[in-house]
Chemist: 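Sharing a structure, written as structure tokens. Questions coming.
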Amino acid sequence: MKQCQLAPDFSLSQIVYGVWRWDEKNQTEKDISAIIESCLSLGIDSFDHADIYNDYGNEAFFGRVLKTNPGLRKQIKIVTKCGIQLLSQKKPLTKVKHYDYSREHITYSVENSLRHLNTDFLDVLLLHRPSPLLNPDEVAETLSDLVLTGKVRYIGVSNFTPQQFQLLQSRLDIPLITNQIELNLNHPFPLTDGSIDFLFKEKIKPMIWSPLGGGSIFNETGNALIRNKLQVLEDKYQVGADVLSLAWLLKHPAQLIPVIGTNQVERIQAAVKSTSLALELQDWFSLYEASLGNEVP
Ligand SMILES: NC(=O)c1ccc[n+]([C@@H]2O[C@H](COP(=O)([O-])OP(=O)(O)OC[C@H]3O[C@@H](n4cnc5c(N)ncnc54)[C@H](OP(=O)(O)O)[C@@H]3O)[C@@H](O)[C@H]2O)c1
């Protein structure tokens, strides 16, 4: 699988695997080792985490697998996030869900992520969601210090508007290398609200979360027009609807990096097929039309 260059000496695999849906109640370390192995054998070497996933549990879950496979850390890239404070029995002082981008919290969160993941550096640290109270001067100084000490190699953001991105970047001497945002056939708005255009202009490759709408594209909660159109194209291209939906994203010239979340190895294999499927122009627009609910003007 192709690598996507995010900085001169740093790349992520064209498809990233996201661990949000892992849950120790349903999966064992053996299960997740099998997922990681499958990803690696398919060329997916980049894994997307957040401190909060699985009630603050998934970094440690992943870290236990890293500990039992000493060679693994060198083969993979770890993206993780900080900033959201969830209500959790593990966080008795948190009384209301909120965002915290103070120097203390970012530093504390990174130290925790490193400890849980059994690693001494994070490849990428993302600020999970923008906060109205985020102080760009304080955050820029904190992130720069984390990079300077080698605890974090690269920094980025998630769910930021172009203006929020620019504000933080204006206070930094080092680049924000990505903005991880939601984009899928059920949620095409970033294609027209300026989010993707801004990143494209700045030559920043977007990471795309829920590229399959969290599975909603394929079930009754989703849009029937999209499902019908996918069905027609399944026959034409002889691939599944998930492959087509990812290929639809990958056709965008801004080089989007989908972060997939399936727990099924066969679906990871299917996702990889999308990287070599070139959707014809009019098929791309037929899906776009279904996504918008009307033909383009
Ligand atoms: N930055 C943020 O704010 C943010 C927010 C949300 C997520 N994320 C990141 O993005 C990653 C991916 O998000 P996501 O899990 O929502 O991605 P996704 O790939 O859009 O959705 C995965 C879900 O879709 C289902 N699915 C996949 N293929 C299917 C098919 N052919 N038919 C029916 N269902 C299918 C999967 O079920 P199976 O497991 O059964 O295949 C799984 O429940 C997360 O792990 C996380 O790392 C980031």
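Every number for a ligand or one of its atoms is a count from 1 in the order of the listing. All values reported here derive from a predicted model rather than from experimental measurement.
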Chemist: For H128, counting its heavy atoms only, list the atoms of ligand 1 lying under 4.0 Å from any of them.
Modeler: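 So the atoms of ligand 1 that pass are 1 (N), 2 (C), 3 (O).
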Chemist: As an exercise, identify every atom of ligand 1 less than 4.0 angstrom from a heavy atom of R21.
Modeler: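 Taking each heavy atom of R21 in turn, ligand 1 has 14 (P), 15 (O), 16 (O), 22 (C), 23 (C), 42 (C), 43 (O) under 4.0 Å.
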Chemist: Do I208 and V243 share a hydrophobic cluster (ILVMFWY, side-chain heavy atoms under 4.5 Å, transitive)?
Modeler: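 Yes; tracing contacts between hydrophobic side chains, which count when under 4.5 Å, links both residues.
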Chemist: If the cut-off is 4.0 Å to any non-hydrogen atom of K81, which atoms of ligand 1 fall inside it?
Modeler: 1 (N)
Chemist: Would you mind running through ligand 1 and noting each atom that sits below 4.0 Å from a heavy atom of Y53?
Modeler: 4 (C), 8 (N), 9 (C), 46 (C), 47 (O), 48 (C)
Chemist: Below the 3.5 angstrom mark, is there an N/O of L212, backbone or side chain, next to an N/O of ligand 1?
Modeler: yes
Chemist: How about NZ on K90, more than 12 heavy atoms from neighbouring residues, nucleotides or ligands closer than 6.0 Å, or not?
Modeler: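 Atom NZ in K90 is crowded, with more than 12 foreign heavy atoms closer than 6.0 Å.
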Chemist: Could you give the distance from CH2 (W284) to CG (L233), rounded to the nearest 0.5 Å?
Modeler: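 Spacing of CH2 (W284) from CG (L233) equals 13.0 Å.
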Chemist: Heavy-atom distance to atom 37 (O) of ligand 1: which of Q264, R267, Q180 wins?
Modeler: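 It is R267 whose heavy atom sits nearest to atom 37 (O) of ligand 1.
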Chemist: Which ligand 1 atoms does G18 reach within 4.0 Å, using its non-hydrogen atoms?
Modeler: 45 (O), 47 (O)
Chemist: Closer than 4.0 Å to some heavy atom of D48 - which atoms of ligand 1 meet that?
Modeler: 9 (C), 46 (C), 47 (O)
Chemist: Out of A50, S245, G214, whose heavy atom sits nearest atom 18 (P) of ligand 1?
Modeler: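 Answer by nearest heavy atom: G214.
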Chemist: Check ligand 1 against T262 and write out every atom of the ligand that is under 4.0 Å from a heavy-atom position of the residue.
Modeler: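 What qualifies from ligand 1 is 38 (P), 39 (O), 41 (O).
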Chemist: Is any N or O atom of G261, backbone or side chain, closer than 3.5 Å to an N or O atom of ligand 1?
Modeler: yes
Chemist: Less than 6.0 angstrom separating the ring centers of Y154 and F10, yes or no?
Modeler: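 Ring-ring flag for Y154/F10: true, centres closer than 6.0 Å.
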Chemist: Which of parallel (below 30°), tilted (30 to 60°) and perpendicular (above 60°) describes Y288 and W248?
Modeler: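 Correct class here is tilted.
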Chemist: Look at atom 3 (O) of ligand 1 and say which protein heavy atom is nearest, naming residue and atom and giving the distance to 0.1 Å.
Modeler: N159 ND2, 2.9 Å
Chemist: How far does NE2 of H252 sit from CG of L191, to the nearest 0.5 angstrom?
Modeler: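 Rounded to the nearest 0.5 Å, the NE2-CG separation comes to 5.5 Å.
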Chemist: At a 4.0 Å threshold, what atoms of ligand 1 neighbour a non-hydrogen atom of V19?
Modeler: 45 (O), 47 (O)
Chemist: For G240 and ligand 1, answer yes if some heavy atom of the residue is under 4.0 Å from a ligand atom, otherwise no.
Modeler: no
